Amino acid sequence: MVKPKTEEEIELLRENAILVSKTLAEVGRHVAPGVTTKALNDIAEQFIRDHGAIPSFLGYEGFPAALCMSVNDVVVHGFPSDKVLKEGDVVSVDCGTLYKGYQGDSAYTFPVGEVDAETRKLLDATKASLYKGIEAAVAGNRTGDIGHAVQSYVEPLGFSVVRELEGHGLGREMHEQPGVPNYGRRGKGTVLLAGMVICIEPMINAGGKSVYLERNGWGVRTCDHKKSAHYELTVVVRRGQAEQLSTFDFIEKDPTINF
Ligand code: MG
Ligand code: MG
């Protein structure tokens, strides 16, 4: 049984969500050809700590960094490294915070310089599928309605949904129930109750859906080595319409950020 959050808890989750949203924008300001993912990670870690929070990914089950930085065919959970971003790459930036005992968790995939038309389409479709999922995150629906909304949006465009990873509840823990798959059938899965806080995070591949785990035990990569995209927002399930806690506005309303 998944318990909805109280409004007091939701306010603490909102503070985290806004900090994560601002951190993603701070990273976005520095994404450019020639920059390393390690440099971006360090900017984010400093930004999070400057705001009195802790980067919650650092040390989580042994994860070695503040951010997951997943370039091109890495779907999620990439380690920041000395790898230099180059024109035409995409980098998924996934960020978590721990502040006042609660978690923040959101992700954005940035283009590096100019990307080709197919990549642009992948980014746009993945983000649009996230909003389709959010539209389905209303009280009385089930997690399968969210998954169905994501899947039925991206598959007709020729893209595929990663099956091995999913969204999740968020609270004091980074991964709470319910799991929120990005594929599924309407009317199946956990019933969504008003006040549940969930992260919806489609991971969408340009090619086939198959992925494999890198030898470091973390990085998830597409088997066909085509690009993958990943966007994540935190929402509160409400009656009629979900309420977004995190937002991409800090990225998309900043004219200096390439998104
Ligand atoms: Mg995340
Ligand atoms: Mg997440």
Side-chain angles (χ1 to χ4, degrees), residues 10 13-14 16-18 20-25 28 70 75-76 90 92-95 104-111 115 118-163 165-170 178-187 189-190 192 194-206 209 227-254 257-259:
I10 288 169
L13 287 161
R14 188 192 311 278
N16 275 278
I18 289 169
V20 161
S21 303
K22 288 180 174 172
T23 307
L24 290 174
S70 307
V75 180
V76 286
V90 295
S92 150
V93 180
D94 196 347
C95 176
D105 182 14
S106 294
Y108 200 90
T109 302
F110 293 95
V115 295
E118 177 69 5
T119 301
R120 183 72 259 168
K121 192 176 151 200
L122 174 69
L123 297 181
D124 292 344
T126 305
K127 189 166 60 178
S129 77
L130 166 56
Y131 290 118
K132 293 287 178 190
I134 292 173
E135 280 176 26
V138 293
N141 270 2
R142 291 174 181 258
T143 51
D145 292 295
I146 298 174
H148 179 267
V150 171
Q151 181 180 19
S152 64
Y153 184 80
V154 296
E155 285 185 349
L157 298 172
F159 301 133
S160 62
V161 176
V162 174
R163 303 294 204 272
L165 298 141
E166 60 185 17
H168 50 89
L170 190 74
V180 184
N182 297 302
Y183 67 99
R185 294 171 61 185
R186 280 193 189 121
T190 305
L192 300 171
M196 279 185 182
V197 174
I198 57 173
C199 293
I200 304 176
E201 49 178 317
M203 288 152 265
I204 306 300
N205 294 345
K209 67 179 187 299
K227 287 189 175 94
S228 187
H230 174 220
Y231 292 80
E232 175 178 22
L233 287 169
T234 305
V235 304
V236 189
V237 175
R238 302 284 194 194
R239 289 180 192 83
Q241 188 178 17
E243 179 189 0
Q244 262 183 244
L245 292 184
S246 58
T247 173
F248 298 144
D249 282 355
F250 298 109
I251 296 168
E252 296 176 353
K253 291 187 174 168
D254 184 332
I257 299 177
N258 178 36
F259 64 87

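Source: prediction; values computed, not measured.
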Does CZ belonging to Arg238 count more than 12 external heavy atoms closer than 6.0 Å?
yes

Residue set satisfying salt bridge (Lys or Arg N to Asp or Glu O under 4.0 Å) with Lys127, at least two apart, ordered chain then number -> Glu252

Donor-acceptor pair, distance only, cut-off 3.5 Å: does the side chain of Ser246 make one with the backbone of Thr234?
yes

Residue pair Asp105 / His168, side-chain heavy-atom distance below 4.5 Å:
yes

Measuring from atom OH of Tyr108 to atom SG of Cys95, what distance do you get when rounded to the nearest 0.5 angstrom?
15.0 Å

Less than 4.5 Å apart, any side-chain heavy atom of Pro111 and any of Thr119?
no

Who passes side chain to side chain donor-acceptor pair (under 3.5 Å) against Glu118, sequence neighbours left out?
none

Nearest 0.5 Å, what's the NZ-CD1 distance between Lys132 and Ile146?
14.5 Å

Any residue meeting side chain to side chain donor-acceptor pair (under 3.5 Å) with Arg14, in chain and number order, not counting sequence neighbours:
Glu11, Glu243

For Arg120, I'd like to know if atom CZ has over 12 heavy atoms of other residues, nucleotides or ligands within 6.0 Å.
yes

Could you please spell out the steps behind the side chain to side chain contact (heavy atoms under 4.5 Å, CB included) verdict for Val138 and Leu192?
CA-CA 7 Å; Val138 293; Leu192 300 171; over 6 Å; no

Identify the two heavy atoms, one from Ala137 and one from Ile200, that lie closest to each other, and give their separation to 0.1 Å.
CB-CD1, 4.0 Å

Nearest 0.5 angstrom please: His230 NE2 to Asp94 CG, how far?
5.0 Å

Below 4.5 Å, heavy atoms only, C-beta onward: do Phe259 and Asp254 meet side chain to side chain?
no

Within residues 138-162 or reaching into it, pairs that qualify as side chain to side chain donor-acceptor pair (under 3.5 Å) - sequence neighbours excluded
Gln151-Glu155

Excluding sequence neighbours, so at least two apart, what forms side chain to side chain donor-acceptor pair (under 3.5 Å) with Ser228?
Asn205

I'd like to check the side chain to side chain donor-acceptor pair (under 3.5 Å) partners of Asn182; sequence neighbours left out, ordered by chain and number.
none

Val150 versus Tyr183: any side-chain heavy-atom pair under 4.5 Å?
no

Considering all heavy atoms of both residues, which atom of Arg163 and which atom of Lys209 are nearest to each other, and what is their separation?
NH1-CD, 3.5 Å

Flag yes if more than 12 heavy atoms outside Arg185 fall under 6.0 Å of its CZ atom; otherwise flag no.
no

Is the side chain of Ser92 donor-acceptor paired with the backbone N or O of Ala229 at a distance under 3.5 Å, no angle test?
no

One pair to check against side chain to side chain contact (heavy atoms under 4.5 Å, CB included): Val93 and Thr23. What are the steps and the verdict?
CA-CA 10 Å; Val93 180; Thr23 307; over 6 Å; no

Looking at side-chain heavy atoms only, is the closest gap between Phe250 and Ile257 below 4.5 Å?
no

Show the numbers, then the answer: is there a side chain to side chain contact (heavy atoms under 4.5 Å, CB included) between Thr126 and Phe159?
CA-CA 9 Å; Thr126 305; Phe159 301 133; 5.9 Å; no

Does the pair Tyr131 and Phe248 meet the rule for a side chain to side chain contact (heavy atoms under 4.5 Å, CB included), with working shown?
CA-CA 11 Å; Tyr131 290 118; Phe248 298 144; 3.4 Å; yes

With a 4.5 Å heavy-atom cut-off, do Leu165 and Val76 have their side chains touching?
yes

From OG1 (Thr109) to NZ (Lys227), nearest 0.5 Å
12.0 Å

In Å and rounded to the nearest 0.5 Å, what is the CG to CG distance from Leu130 to Leu233?
4.5 Å

Which heavy atom of Ala125 sits nearest a heavy atom of Leu157, and at what distance?
CB-CD1, 3.7 Å

For Pro178 versus Ile198, what's the shortest heavy-atom pair and its separation?
CD-CG2, 4.1 Å

So, Ser106 side chain and Ser21 main chain: donor-acceptor pair closer than 3.5 Å or not?
no

